[in-house]
2 protein chains.
Amino acid sequence: MDRPGTWQAVRAEALRRMRAGDWPPGGRIPDEAELAAEFGCARATVNRALRDLAEAGLLERRRKGGTRVPVTPIRKATFEIAIIRQDVEGRGQRHGYRLLEDALGPPPPEVLAALDWPEGAGMRHLTALHLADDRPFCLEHRWLDATVAPAEVSFDTISANEWLVRNIPYSGGNIAFLARPADGPAARALDCAPGDALLAVERTTFRDGAAITFVRLTYAPGHRVDATL
Amino acid sequence: MDRPGTWQAVRAEALRRMRAGDWPPGGRIPDEAELAAEFGCARATVNRALRDLAEAGLLERRRKGGTRVPVTPIRKATFEIAIIRQDVEGRGQRHGYRLLEDALGPPPPEVLAALDWPEGAGMRHLTALHLADDRPFCLEHRWLDATVAPAEVSFDTISANEWLVRNIPYSGGNIAFLARPADGPAARALDCAPGDALLAVERTTFRDGAAITFVRLTYAPGHRVDATL
DNA sequence: AAGTGGTCTAGACCACAAA
DNA sequence: TTGTGGTCTAGACCACTTG
């Protein structure tokens, strides 16, 4: 338990009341000032607790409208996106890396659409395999703005995944999960049968409003991505 | 832009400094009191800004250790988990629902392992299909503690997905993404070929430390789950 | 032992949206 | 118009953890 008077304690009590039915779905809960008086703490403490619950999707808050328990809450789940080496090492396995291809060339149409680049000017295409304890872990397929990583930068020993995180400090982007059948090259690289169902993650990274890289990570069969609810 | 003196403005400036290289990866940034003096705001405002960045994985903070820019940040991505009806309607489509099966019976071993139930006492097994504009959207396969939803509760017109969210106020759990080949029944229900690569989401929900339901949602081919980075 | 972030307080003003 | 959450302030004490 949390010591009383802390925002964690207020949050815990709010959760308890929702579970117990004291604050039923669709209903409005007392305002911050009332709760602060009841709990004997400052309004800022109540605010911190309720804001936390609202960020998780368990409460809906509006100025003047008050705070309500949603009828059908839209919960937020979060998952951690580490670089692949850390992901592998975090599982207690040894990370290996092999660069399979490094060439200049235009991406396929569906990738070009995601990037919104002018005719694919100066695009570097990388294919690499990540290993966990010498077994295939993940196939990295990446298109990269050549001005971001010029030809001098070699991805023989460090993956583009890691190089980018270390050298392009912060950047926004989007990310999506999907399932793909293994094509021929993927099946060979990941040591599975063509057509096998594989989990893939696609990410586009932007800097200053322009896309600088698109990557598709295709994981070996059986891979799961866990998130905390 | 944010008005100066707000925590959003402080966050924006911190991000700018990281991108610009003023605060390089691996380095330590000034402490809260210094930044508050520099920005002409209260320390609590700086704290709010830096805490927000730390929660996103862009900073690492430790008492006495100060605040550092991580060399290989572990970014947090969040995605929203709505009920399936809302998910479909949010895409501008009409949601449909068909209960395919409702029976009592023990779950397969791999599900039983996830649930940690004693011999599957009183388990209800539901299979349902969700439609978007009359086309297959998602196959819901659920095992449910029969004491949570007794036989009186009918899932003919409301999905277990929605019933649970409405009637079991708050509950913790875990969630995972994976890829699965379509088996025979799934291929028939989702109108695809057996063996097609399908995205699936598995969730176990707990209440008071005991699992109350396990669900596997298998989506129609081509489905993507987007998250915000 | 001491430095730094974590949090609480009491008060204030503001922004937004509902009535 | 007015109620409610959003945020800022100045100060204080505490908890952790590093040197």
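Below, read A as the first sequence line, B as the second, and so on, with proteins coming before strands; counting in each chain starts at 1.
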How long is the line joining CG of A:D52 and P of D:dG5, in whole Å?
-> 16 Å
Pair A:T67, A:E60: side-chain N/O donor-acceptor within cut-off below 3.5 Å = no
Using a heavy-atom cut-off of under 4.0 Å over every strand shown, decide if B:R28 touches base, sugar-phosphate, or nothing.
-> sugar-phosphate
Whole Å only: how far is the CG atom of B:D31 from the P atom of C:dG6?
-> 12 Å
Could you tell me whether the side chain of A:R166 reaches within less than 4.5 Å of the side chain of B:V71, counting heavy atoms only?
-> yes
Can you check whether B:F137 reaches B:H223 side chain to side chain, under 4.5 Å on heavy atoms?
-> yes
Check: B:R85/B:S159 side-chain N/O donor and acceptor closer than 3.5 Å | no
Indicate whether OP1 or OP2 belonging to D:dG5 is found under 4.0 Å from a side-chain N or O atom of A:N47.
-> no
Can you find a pair of side-chain heavy atoms, one from A:L199 and one from A:R224, that are under 4.5 Å apart?
-> no
Extract from the structure each pairing of a protein N or O with an N or O of nucleotides 17-19 of chain D at less than 3.5 Å, listing the distance.
| unit_1 | atom_1 | unit_2 | atom_2 | d |
| --- | --- | --- | --- | --- |
| D:dT17 | O4' | B:R63 | O | 3.3 |

Over how many whole Å does the gap from B:L35 atom CG to C:dT4 atom C1' extend?
-> 12 Å
Using atom CD of B:E60 as one end and atom C1' of D:dC16 as the other, report the distance to the nearest whole Å.
-> 16 Å
Pair B:E140-B:T127, side-chain donor/acceptor within less than 3.5 Å | no
Table of protein N/O atoms under 3.5 Å from nucleotides 8-12 of chain D N/O atoms:
| unit_1 | atom_1 | unit_2 | atom_2 | d |
| --- | --- | --- | --- | --- |
| D:dC8 | OP1 | B:W7 | N | 2.6 |
| D:dT9 | OP2 | B:A42 | N | 2.6 |
| D:dT9 | OP2 | B:T45 | OG1 | 2.6 |
| D:dA12 | N6 | B:R43 | NH2 | 3.0 |

Over how many whole Å does the gap from A:L59 atom CG to D:dG5 atom C1' extend?
-> 13 Å
Does the side chain of B:R207 come under 3.5 Å of the side chain of B:S171 through a donor N or O and an acceptor N or O?
-> no
Taking atom P of D:dG5 as reference, at what distance in whole Å does atom CG of A:L50 sit?
-> 8 Å
Euclidean distance, atom CG of residue A:D2 to atom P of C:dG6 [Å, nearest integer] | 16 Å
Is the shortest side-chain N to carboxylate O distance from B:E89 to B:R94 below 4.0 Å?
-> no
A:R68 versus A:L59: any side-chain heavy-atom pair under 4.5 Å?
-> no
Output yes when at least one side-chain N/O atom of A:R61 is less than 4.0 Å from OP1 or OP2 of D:dT4, else no.
-> no
In whole Å, what is the span from the CD atom of A:E55 to the P atom of D:dG5?
-> 16 Å
